[in-house]
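One structure, as structure tokens, below. Some questions next.
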Amino acid sequence: MPLSLRLSIADTLTLGNATCGFMAVYFTTTGILIPDLMGSQESGMARNSAATAVILMLCAAVFDLFDGLVARKLRSSPMGAELDNLSDLISFGLAPAYFVLVYGMVAEGAYQRVAAVGAIVVLLAVVLRLARFSCVTVKDGTFQGMPSPFGALTVVSIVLLELPFVATLLAILGTAWLMVSRVEYPKPRGRLAVAMLSWIVLGMGLMAAWAFDAPSGQLLLQTGCALQLVMGAVIPLFATARRVNNFRGNRREARAAQLP
């Protein structure tokens with residue numbers, strides 16, 4: 001095959017990312033939406049399907065983490081960057097947006113059309129973020145705007161917390177804004193990559209405990225989702241504080257340089 005059409009190991013991991021995102025949409029449809037439309041009252045199946053969908057999104061984040069690491073260690077094909085963006089769009093754009101849309105259709109006190117607007121905003125935020133990532137060069141070691149995997153997991157955590165509908169919608173819109181903002185986020189490398197992987201594995205455990213109705217499973221799930229939201233709010237604050245301190249430091253240096 002031509003070199004441009006050969007898949008590397010990193011590309012295979014990227015395709016695993018896309019597969020997980022598609023299957024998350026599948027379980028959201030067959031396990032949550034269709035039973036609700038048919039009038040099923042079995043909450044256990046919906047809980048298991050929701051947990052499966054979120055675990056698949058977490059698996060997609062693992063694939064997304066490792067395909068970058070493998071590409072840097074080994075190699076990636078000429079299609080690597082395009083495959084990565086397309087897979088991220090499925091797993092961290094379409095899947096969480098669809099999750100929000102279905103939430104608006106099945107949750108009590110929710111408004112389907114308003115939820116659809118929120119879902120569209122999430123999807124467009126990921127599209128814009130991925131397009132900007134391909135075009136804009138930022139300093140090494142940072143992302144501009146909340147990374148799409150982190151944003152997707154934050155959106156899903158907001159839905160699973162089962163807050164009042166208006167609060168849920170506002171939190172989702174705020175997350176979408178963070179994804180297209182200029183707030184700097186560190187890239188997951190070294191210890192940060194290990195911490196991120198550990199956090200994802202912990203999230204899978206919490207989802208499994210909730211799905212199988214383990215003792216205090218609901219409390220564990222809400223705690224994990226709340227921590228995800230806290231992380232989403234705290235990281236921008238630290239990044240903003242660091243930028244302000246750097247700006248003040250540069251101004252002091254400039255003033256000191258102007259003194260005789």
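Computed from heavy atoms alone, side chains included, the values below leave out hydrogens, waters and symmetry copies.
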Q: With side chain to side chain contact (heavy atoms under 4.5 Å, CB included) as the test, would you mind laying out the steps for Val126 and Met179 before giving the verdict?
A: CA-CA 7 Å; Val126 175; Met179 283 193 280; 3.9 Å; yes
Q. Closest approach of Leu58 and Gly203, non-hydrogen atoms and distance?
A.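 Here Leu58 and Gly203 meet closest at CD1-C, 3.8 Å.
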**Q.** Close side-chain approach of Thr29 and Tyr98, heavy atoms under 4.5 Å
**A.**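 Contact flag for Thr29/Tyr98 side chains = yes.
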Q: Might you point out which heavy atoms bring Phe92 and Ser148 nearest each other, and give the distance in Å?
A: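 Shortest heavy-atom contact: CB-O, 3.6 Å.
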Q. If we only count heavy atoms from C-beta on, is the Leu197 to Val62 side-chain gap below 4.5 Å?
A.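 Yes, their side chains come closer than 4.5 Å.
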Q. Between atom CD1 of Ile200 and atom SG of Cys59, what is the distance when rounded to the nearest 0.5 Å?
A.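 The CD1 atom of Ile200 sits 9.0 Å away from the SG atom of Cys59.
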Q. Among all residues two or more places apart in sequence or in another chain, which pass the side-chain contact (heavy atoms from CB on, under 4.5 Å) test with Leu13?
A.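 Leu13 satisfies side-chain contact (heavy atoms from CB on, under 4.5 Å) with Phe63, Phe66, Asp67, Val70 only.
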**Q.** Main-chain N/O of Thr14 paired to Ser87 side chain as donor or acceptor, under 3.5 Å
**A.**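 Checking the backbone N and O of Thr14 against the side chain of Ser87, a donor-acceptor pair under 3.5 Å is found.
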Q: Could you grab the distance from atom CG of Asn17 to atom OG of Ser91, nearest 0.5 Å is fine?
A: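 The distance works out to 4.0 Å.
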Q) Members other than Leu124 in its cluster, when Ile, Leu, Val, Met, Phe, Trp, Tyr link by side-chain heavy atoms under 4.5 Å? A)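 Leu124 clusters with Ile120.
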Q: Might you point out which heavy atoms bring Pro35 and Thr30 nearest each other, and give the distance in Å?
A: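 Scanning both residues completely, I find the closest heavy atoms to be CD-O, 3.2 Å.
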Q.
Restricting to non-hydrogen atoms, name the atom on Met57 and the atom on Ala24 that form the minimum distance, rounded to 0.1 Å.
A.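 What the structure gives for the nearest pair is CG-CB, 4.0 Å.
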Acceptor/donor pairs from residues 168-175 side chains to any protein atom, 3.5 angstrom cut, sequence neighbours excluded:
residue, atom, partner, partner atom, Å
Thr168, OG1, Leu163, O, 3.3
Thr168, OG1, Pro164, O, 3.1
Thr175, OG1, Ala171, O, 3.0

Q: State which residues pass side chain to side chain donor-acceptor pair (under 3.5 Å) with Thr154; sequence neighbours excluded, sorted by chain then number.
A: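 For Thr154, the residues satisfying side chain to side chain donor-acceptor pair (under 3.5 Å) (neighbours in sequence not counted) are Gln228.
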Q. Looking at Arg132 and Val180, what are the two nearest heavy atoms and their distance?
A.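 Nearest heavy atoms, Arg132 then Val180: NH1-O, 2.9 Å.
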Q: Nearest 0.5 Å please: distance from the CG atom of Asp88 over to the CZ atom of Arg129.
A: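 Answer rounded to 0.5 Å: 9.0 Å.
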Q.
Using every non-hydrogen atom in the two residues, find where Ala18 and Ile90 come nearest and quote the distance to one decimal.
A.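 For Ala18 versus Ile90, the nearest heavy atoms are O-CG2, 3.8 Å.
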Q) Can you name the one residue among Leu160, Ile158, Leu153, Val159 that meets side chain to side chain contact (heavy atoms under 4.5 Å, CB included) with Val156? A)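 So the option named by the test is Leu160.
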(Q) How long is the straight-line distance from CG of Leu33 back to OG of Ser49, given to the nearest 0.5 Å? (A)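 Going from the OG atom of Ser49 to the CG atom of Leu33 covers 11.0 Å.
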Q: Among residues two or more places apart or on two chains, list those pairs meeting ring pair (Phe, Tyr, Trp, His ring centres under 6.0 Å) that have a residue in residues 147-176.
A: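 Checked against ring pair (Phe, Tyr, Trp, His ring centres under 6.0 Å) - neighbours excluded - the pairs reaching residues 147-176 are Tyr111-Phe165.
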Q) For Met23, which fellow cluster members are found when Ile, Leu, Val, Met, Phe, Trp and Tyr are connected by side-chain heavy-atom distances below 4.5 angstrom, either directly or through intermediates? A)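 Under the 4.5 Å side-chain rule, Met23 groups with Phe22, Tyr26, Phe27, Leu56.
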